Amino acid sequence: RGKRAFIAGIADDNGYGWAIAKSLAAAGAEILIGTWVPALNIFETSLKRGKFDESRVLPDGSLMNITKVYALDAVYDSLEDVPEDVKTNKRYAGASNWTEVAESVRNDFGSIDILVHSLANGPEVSKPLLETSRNGYLAAMSASSYSFVSLLKHFVPIMNPGGASISLTYIASERIIPGYGGGMSSAKSALESDTRVLAFEAGRRHKIRVNTISAGPLGSRAAKAIGFIDMMIDYSLANAPLQKELLAEEVGNAAAFLASPLASAITGTVLYVDNGLHAMGVGV
Ligand code: NAI
């Protein structure tokens, strides 16, 4: 049987989640997607109308098949946590079962093998940490760090032993990257630390591997919202050991490797997929 993957955090064909889905599909995995509730409608409509068909093409010429798209919001664990104004919001009221994604996947398919977390959100990302509010900081942690703990916690019971989970992190967790504010650098530090602790817990209890990819800059929708992405891409081109554009596909392929039996002894790691930029001490 082929492997089944659930990828949380795809709402268009520009981000790392989409590229990871493609690499996993190319390797023979069945693809399930979790899309943020407010973005679900437009994503599904675009998918149906063929807007992504060009970017669905796999190396063998076939089109990536997406078996099912689920609505999800990674900042809520159950319906009781959802504030009234969100619950009654048109986009949320129109979606179904979006707080019980793992349960819905269990009902539909029974189990999965691969879990990918490719989402982040920090409402105050453009503010320096010194100017970040408590709410902004906690919101960044909730959407970008605890969201992974919660996702894994909910999916682990339906993950087959030998399965793997992967998240996406950024070097701002360990080095100063001015402009990556609002507590997002803190959230990525937490995500990396949790990768180690969760690798232990999910490894011992369920034989599940947990790794994170520290990706270089990509002009995704989320990154464009931060505002400094073009500068980071130029900086990487000028200073990284490999002076070439970083393709989302390269991160996708690394994720497919980490999710595969080729990586069966790799867990609790941060894997850099950044043209080597992380290894530089000074720009030259
Ligand atoms: P993206 O825009 O393709 O993906 C972010 C996704 O998060 C979007 O689909 C958005 O709808 C979703 N999202 C936001 N809040 C959510 C919530 N509460 N519940 C569910 N989904 C939610 O952008 P990108 O850049 O591909 O981001 C994917 C991951 O890669 C993130 O963890 C990001 O921090 C990480 N990353 C991105 C880098 C870049 O330069 N683009 C560099 C290093 C890491």
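Order of appearance sets the numbers: ligands from 1, and atoms from 1 within every ligand. The structure presented is a predicted model; accordingly, all values stated were derived computationally and were not measured.
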After noting the C-alpha distance and the side-chain angles of N135 and S133, does the key distance pass the side chain to side chain donor-acceptor pair (under 3.5 Å) rule? CA-CA 5 Å; N135 280 341; S133 73; 5.6 Å; no
Evaluate the side-chain proximity of Y180 to M232: yes if any heavy-atom separation is below 4.5 Å, no if none is. no
So among N97, L151, I33, T35, which one has a side chain to side chain contact (heavy atoms under 4.5 Å, CB included) with L72? L151
When you measure from the side chain of K224 to the backbone N and O of G219, does any donor-acceptor pair fall under 3.5 Å? yes
Candidate list F52, W36, Y70, test ring-ring contact (aromatic ring centres under 6.0 Å, His included), partner F43, passing option: F52
Look at the side chain of S167 and the backbone N and O of T212, then say whether any donor-acceptor pair between them is shorter than 3.5 Å. no
Counting only non-hydrogen atoms and a 4.0 Å cut-off, the residues near ligand 1 are G9, I10, A11, G15, Y16, W36, L72, D73, A74, V75, S118, L119, A120, N121, L168, T169, Y170, Y180, K188, A215, G216, P217, L218, S220, R221, A222, A223, I229
